[in-house]
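Owing to the predicted nature of the structure, the values given are computational and were not obtained by experimental measurement. Residue numbers start at 1 and run along the sequence shown. These values consider heavy atoms only, across backbone and side chains, with no hydrogens, waters or symmetry-generated copies. For ligands, and for the atoms within them, numbers begin at 1 and follow the listed sequence.
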Amino acid sequence: MALREIVVGDCETLRKKCRVVTDFDERLRQLLDDMKDTLYHADGVGLAAPQVGILKRVVVIDVGEGLIELVNPEIISQKGKQKGSEGCLSFPGEYGMVTRPNRVTVKAQDRYGKEFTLQGKELLARAFCHEIDHLNGIVFKDLVSEMLNIE
Ligand code: NI
């Protein structure tokens, strides 16, 4: 088990567009394993590689239904709308209302490079959108309609 340090606050690293993964090697699998450990240790729902300082298109998500690993994920279709509160491990204690699609289909590769598609609705759809945004230098605060103060 290895934890990586989570990048916190407004910083350059979270604003970069991440590179497509082309090498499905041990190094990638180590990154995914470390991101999983870091996600669970932080009790989060999702984590994108730039949040641990790695500018690659890699994401891990667990909305309570098991771990999902996404390499080079892309949203290929979306439907409906949901408005709900959102937060981010890189902005601890900050929450805001964000409107997202209610259903999302994602195309991605697994840790060995095999392509797959996955559908998510509600919280999972929100997590897909939030984490894929990170790969493009977008953070949820860019999309917030109103910030919430949670004591
Ligand atoms: Ni985030």
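Results of the side chain to side chain contact (heavy atoms under 4.5 Å, CB included) test with F128 over T105, L70, V59, V63 single out L70 as the only residue that passes.
Counting only protein N, O or S atoms, the number found under 2.8 Å from the Ni ion (ligand 1) is 3.
Using a cutoff of 4.0 Å between basic side-chain nitrogens and carboxylate oxygens, K16 and E12 are scored as salt-bridged.
Looking only at atom types and distance, the side chain of N102 has no donor-acceptor partner in the side chain of K81 under 3.5 Å away. With 3.5 Å as the limit, one finds no donor-acceptor pair spanning the side chains of R19 and N72.
Considering CG of L123 and NE2 of H130, their distance stands at 11.0 Å, rounded to 0.5 Å.
Between F140 and F91, the ring-plane angle classifies as perpendicular under the 30° and 60° cut-offs.
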